[in-house]
Amino acid sequence: QVQLVESGGGLVQAGGSLRVSCAASGGTGSSYVMAWFRQAPGKEREFVAGIRWRGGITSYADSVKGRFAISRDIAKNTVYLQMNSLKPEDTAVYYCAARLLDSIVRMRWEYSYWGQGTQVTVSS
């Protein structure tokens with residue numbers, strides 16, 4: 001059973017930076033994808049960024065491209081989301097997710113494992 005534990009998040013002013021982390025444990029194997037989603041109040045959960053564990057290929061939502069960066073630490077089995085130039089519209093609960101297949105997809109129902117979520121609030 002895969003377990004995902006997030007850390008980081010918090011309150012930051014617009015234009016600032018923040019990093020969230022997600023540590024994975026359990027039977028992930030070597031061919032899987034980890035991704036970050038976010039959900040703002042009253043909105044659906046949306047894909048933010050994903051990374052293929054084997055090879056490190058990444059994919060981003062257009063709304064964060066050029067501002068956010070997803071990366072992984074293989075030794076720590078941890079994925080990071082570095083968020084720069086944050087905007088108030090980035091305010092949301094950020095969720096880490098894992099998919100035990102080798103392709104990055106953006107549909108939330110394709111991900112079987114989820115973290116508990118961490119709040120990111122960007123003040124104007």
Could you go through the side chain to side chain contact (heavy atoms under 4.5 Å, CB included) check for Ile70 and Tyr60 one step at a time?
CA-CA 9 Å; Ile70 188 170; Tyr60 296 92; 3.4 Å; yes
Side chains of Ser59 and Arg106: do they bring a donor and an acceptor to under 3.5 Å?
yes
When the side chains of residues 80-89 are checked against the rest of the protein, which donor-acceptor pairs come out under 3.5 Å, sequence neighbours left out?
unit_1: Gln82; atom_1: NE2; unit_2: Asn84; atom_2: OD1; d: 3.0
unit_1: Asn84; atom_1: OD1; unit_2: Ser17; atom_2: OG; d: 2.9

For [X] and [Y], indicate whether the former's side chain and the latter's backbone hold a donor-acceptor pair under 3.5 Å.
| X | Y | answer |
| --- | --- | --- |
| Arg72 | Ile74 | no |
| Arg38 | Phe47 | no |
| Glu44 | Gln39 | no |
| Thr118 | Gly8 | yes |

Connected via hydrophobic side-chain network under 4.5 Å: [X] and [Y]:
| X | Y | value |
| --- | --- | --- |
| Val79 | Val2 | yes |
| Val93 | Leu18 | no |
| Val33 | Trp53 | no |
| Trp36 | Leu100 | yes |
| Val105 | Leu4 | no |

Taking all non-hydrogen atoms of both residues, which atom of Ser21 and which atom of Thr78 are closest, and how far apart?
CB-CG2, 4.3 Å
Which heavy-atom pair separates Val122 from Asp90 by the least distance, and what is that distance?
CG2-CB, 4.3 Å
Gap separating the [atom1] atom of [X] from the [atom2] atom of [Y], nearest 0.5 angstrom:
| X | Y | atom1 | atom2 | answer |
| --- | --- | --- | --- | --- |
| Cys22 | Trp114 | SG | CH2 | 11.0 Å |
| Ile51 | Ile57 | CD1 | CD1 | 9.5 Å |
| Gln119 | Tyr94 | CD | OH | 9.5 Å |

Could you go step by step and tell me if Met34 and Cys96 meet the side chain to side chain contact (heavy atoms under 4.5 Å, CB included) rule?
CA-CA 7 Å; Met34 291 187 74; Cys96 176; 3.6 Å; yes
CA sep, side-chain torsions, deciding dist, call: Val48, Phe68, side chain to side chain contact (heavy atoms under 4.5 Å, CB included):
CA-CA 9 Å; Val48 175; Phe68 290 13; 3.8 Å; yes
So, do Tyr113 and Gln1 sit near enough that their side-chain heavy atoms are less than 4.5 Å apart?
yes
Would you indicate whether Gln13, at its atom CD, is surrounded by more than 12 heavy atoms from other residues, nucleotides or ligands within a distance under 6.0 Å?
no
Which residues satisfy the salt bridge (charged side-chain N to carboxylate O under 4.0 Å, His left out) test with Arg99, sequence neighbours excluded?
Glu110
Tyr95 six-ring centre to Arg45 NZ/CZ under 6.0 Å and within 45° of normal:
yes
Apply side-chain hydrogen bond (donor to acceptor under 3.5 Å, both in side chains) to Arg108 and list each qualifying residue two or more places apart in sequence or on a separate chain.
none
